[in-house]
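Below is one structure, written out as structure tokens; the observations come after it.
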Amino acid sequence: MLYYLFEYLDKTLDVPGTGVFQYITFRSALALMLSLLLSTIYGKRIINFLRSQQVGETVRELGLAGQNEKAGTPTMGGLIIIFATLVPVLLFARLHNIYIVLLIVTTLWMGTIGFIDDYIKIFKKDKQGLKGIFKVIGQVGLGIIVGTVLYFNPAVTVRTDTGRSDIYKTTNTTVVLPAPVEEKSTATTIPFVKNNEFDYAEILAFTGEGYEKWAWLIFIPVVIFIITAVSNGANLTDGIDGLAAGTSAISVLALGIFTFVSGNIIFSNYLNIMYIPNSGEMTVFISAFVGALIGFLWYNSFPASVFMGDTGSLTIGGIIAVLAIAVRKEILIVLFGGIFLAESASVILQVAYFKYTKKRFGEGRRIFLMSPLHHHYQKKGYHESKIVTRFWIVAIMLAILSIVTLKLR
């Protein structure tokens, strides 16, 4: 909202200094600072309110050290993250930008699903919360919305030929090529590969001429799968104090670099990467989101004064998934989202191996002492703080590796 006010002051009234709001970097910095202030200052008030409403965590007996001490700790702390993210975005972002609209919808959509789940657990005294089928329906619904908008909305375009020179000289002549154009595309980025764009439409090439118009049959299901997988991965990662918030902040910072360079024609040309018009505006959202996550850590670090609950974890996963898809870096999720992947894989492997061994030997066996993976290390006797710190270190290394893919191919 302030963006439009200062745009009016700059372009209509020509007020000196108001043009600074046109810069994404300036608005991103303001969004980061405001979200930090909101999450740390007003976060305490939200925690006190949750405590007064007896919104406390019900802890299942898993035989983990320090587990019983967590009983009664306020949950639904994801409300802090959502509040501290959306307020700066509404103030400093260009709200007509299609990517910002999608991210706001994602935040509210996934936040609502998580809130319902937490509400059922706390107030209905049902430890299972919202039934899994309804969670999946909600995630699929968001995937359909995001996939449809990204595929059909005319404002979503890309340029894949940013590194091409429009003018070049031969021995006797100067050749001027047609100017590069922005076009609708389902192209994405394959890391560590030269000429690294892959178009989902190519999967349908065997169907013959005109296959491009059916690319949505591939693209939308891929979007649904990614949103479902990443949001569930974030949900599984939220198990010990500070783990999900910290690793998510690191991953989102990497995405912030991708959105900034992909939305800037100069940087995308220099790096010879896909140029995505208007995607740079997502940097403002990312800055607010990172500030909210870091501010939340003020209260969520060990020993936690509040848990994010599914209200926070599902929202975090949904936002990361949509950001990655929008900036055409969804394949890179296996790198910068490696912690989520490891946590999800540990659960899948544990369950599959247990069922297989029970069927074959009559007795279920386990790969890990306990899943998700962070509980395995708790069972081995590692303190929560050590596990979280080491997971953060791994997340930082994975984030750096993903950023390196901008040039290493």
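Note that the coordinates shown come from a computational prediction; the quantities given were computed from them, not determined experimentally. What you see below is based on every heavy atom in this structure, not just the backbone, and it leaves out hydrogens, waters and symmetry mates.
You'll find the ring centres of Tyr4 and His96 inside the 6.0 Å limit.
Environment of CZ in Phe192: crowded, with over 12 heavy atoms of neighbouring residues, nucleotides or ligands closer than 6.0 Å. No more than 12 heavy atoms of other residues, nucleotides or ligands sit less than 6.0 Å from atom CZ of Phe225. Other residues, nucleotides and ligands contribute more than 12 heavy atoms inside 6.0 Å of the CZ atom of Phe198. Within a 6.0 Å sphere centred on NZ of Lys407, heavy atoms belonging to other residues, nucleotides or ligands number more than 12.
A donor-acceptor pair is defined here as one N or O able to donate and one able to accept, closer than 3.5 Å; such a pair exists between the side chain of His376 and the backbone of Leu369. Not one N or O on the side chain of Lys11 forms a donor-acceptor pair closer than 3.5 Å with the backbone of Gly19. Under a 3.5 Å cut-off, the side chain of Ser344 and the backbone N or O of Leu341 do not form any donor-acceptor pair. With Ser268 contributing its side chain and Ile265 its backbone, the two residues share a donor-acceptor pair below 3.5 Å.
The shortest side-chain heavy-atom distance between Tyr200 and Val222 falls under the 4.5 Å cut-off.
Just one residue in the list His374, His375, Lys380 forms a side chain to side chain donor-acceptor pair (under 3.5 Å) with Gln378, and that residue is His375.
Ring geometry for Tyr377 versus Tyr382: interplanar angle over 60°, hence perpendicular rather than tilted (30 to 60°).
Going from atom CZ of Phe219 over to atom CZ of Phe152 covers 10.5 Å, rounded to the nearest 0.5 Å.
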